[in-house]
> 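Sharing a structure, written as structure tokens. Questions coming.
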Amino acid sequence: MSDTPLLEIRDLTKTFGSVQALTDVDFEVRSGEVMALVGDNGAGKSTLIKCIAGIHGYDSGEIIFDGKPVTINGPKDAVNLGIEVVYQDLALCDNLDVVQNMYLGREERDIFFRLKEPAMEQRTSETLKGLRVTTIQSIRQAVATLSGGQRQSVAVARAVMWNSKLVILDEPTAALGVAQTEQVLELVRRLAEQGLAVVLISHNLHDIFETATRITVLRLGRNVGVWERAACTQQEIVHAITAGVPTKVSGVAEVVV
């Protein structure tokens with residue numbers, strides 16, 4: 001794991017009209033680590049990742065990627081940097097097969113505009129094999145026939161197939177069973193082992209403590225702190241989520257509860 005952040009965000013602020021969604025938020029993630037991003041509903045997690053992904057603009061702040069200040073004006077800018085997001089709905093097409101979903105919108109064609117099916121199949125197989133996804137019987141089976149864990153695996157594999165450096169996973173184990181959840185968590189660990197920076201958003205603290213290297217807590221759109229997963233407890237994180245004191249608000253004393 002690198003000691004230098006791949007992505008560093010400083011003092012990010014975002015408002016929606018009169019609603020202050022994020023206030024002076026700092027955030028970082030390093031290559032080879034799983035950074036968990038946690039907080040209650042309305043804490044600002046989704047807004048932060050959408051600013052990183054270029055879906056939302058931001059009012060002020062600075063984004064540094066791979067050591068250089070960058071401006072992300074849209075999703076294409078984020079993708080060009082190597083940032084991929086796997087949202088909770090996965091954005092998969094049930095009526096298409098695995099290969100077609102992996103290349104959705106990025107199909108390879110020859111000079112006659114015909115699909116390069118063999119090349120696409122080979123790269124799909126290599127990507128799934130590299131992530132040790134072995135439960136999918138055929139890359140030509142429709143996504144509608146896959147289990148929840150297999151569908152999540154396809155979405156993650158699609159994200160890492162395009163020379164990505166940072167993968168953001170939004171609630172990847174939501175609505176999955178025990179076995180499927182472990183399958184996805186193992187996939188998350190493999191991403192970090194391969195040197196990618198991973199941001200994991202989840203309400204499930206068990207999953208967080210199974211996979212994360214560090215944990216960033218947001219509360220009401222502000223930073224509460226960053227914890228080393230190996231040096232804290234779930235109870236400490238729960239307290240930070242529910243009653244943590246923002247790190248950048250002067251004159252605020254911790255409320256004893």
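Computed from heavy atoms alone, side chains included, the values below leave out hydrogens, waters and symmetry copies.
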> Starting at CD1 of I237, measure out to CD1 of I215 and round the result to the nearest 0.5 Å.
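Output value for this atom pair is 4.0 Å.
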> If only atom types and distance count, is the side chain of R222 paired as donor or acceptor with the main-chain N or O of P246 below 3.5 Å?
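Side chain of R222 to backbone of P246: no pair is present.
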> Before accepting this row, confirm whether a basic side-chain N of the pair D97/R140 lies closer than 4.0 Å to the acidic partner's carboxylate O.
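Looking at D97 and R140, the cut-off is met.
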> Quick one: pull up NZ in K116 and CZ in R123 and give me the separation to the nearest 0.5 Å.
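Going from NZ on K116 over to CZ on R123, the span is 11.5 Å.
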> Are there more than 12 heavy atoms of other residues, nucleotides or ligands under 6.0 Å from atom CZ of F16?
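Above 12, so yes.
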> Any side-chain heavy-atom pair from Q152 and V156 closer than 4.5 angstrom?
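Yes, side chains in contact.
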> Do the charged groups of E107 and R109 touch, with an N to O distance under 4.0 Å?
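Judged by the 4.0 Å cut-off on N to carboxylate O distance, E107 and R109 do not form a salt bridge.
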> Would you check if the side chain of T13 reaches a backbone N or O of D24 as a donor-acceptor pair within less than 3.5 Å?
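Present.
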> Checking side-chain contact (heavy atoms from CB on, under 4.5 Å) between R219 and each of D40, V224, V38, which is the one that passes?
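When side-chain contact (heavy atoms from CB on, under 4.5 Å) is applied between R219 and each of D40, V224, V38, only V224 qualifies.
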> Between N163 (side chain only) and G82 (backbone N and O only), is there a donor and an acceptor less than 3.5 Å apart?
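Checked: no pair found.
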> Ignoring hydrogens and geometry, is there a side-chain-to-backbone donor-acceptor pair from K14 to G57 under 3.5 Å?
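Side chain of K14 to backbone of G57: a pair is present.
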> For the pair R214 and E28, find out whether any cationic side-chain nitrogen is under 4.0 Å from an anionic carboxylate oxygen.
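Salt bridge between R214 and E28, a charged N being under 4.0 Å from a carboxylate O: yes.
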> Hey, are the side chains of D77 and T71 touching, using non-hydrogen atoms and a 4.5 Å cut-off?
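Counting from C-beta outward, D77 and T71 never come under 4.5 Å.
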> So how far is it from L191 CG to L196 CG, rounded to the nearest 0.5 Å?
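Rounded to the nearest 0.5 Å, the CG-CG separation comes to 6.0 Å.
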> Would you mind checking if R189 and E186 are paired as a salt bridge, meaning a charged N to carboxylate O distance below 4.0 Å?
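Result for this pair is yes, salt bridge flagged.
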> Does a side chain donor of either D59 or T15 reach within less than 3.5 Å of an acceptor in the other side chain?
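Per modelled atom types, D59 and T15 side chains form a pair under 3.5 Å.
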> Within a strict 4.5 Å, meaning less than it, do heavy atoms of the I9 and L48 side chains meet?
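With C-beta onward as the side chain, the pair touches.
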> Is there a side-chain contact between K248 and N223 in this structure, where contact means two heavy atoms from C-beta onward sitting under 4.5 Å apart?
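Not touching, per the 4.5 Å side-chain cut-off.
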> Checking side-chain contact (heavy atoms from CB on, under 4.5 Å) for the pair Q194/L131: CA distance, chi angles, key distance, verdict?
CA-CA 9 Å; Q194 293 182 7; L131 293 173; 3.8 Å; yes
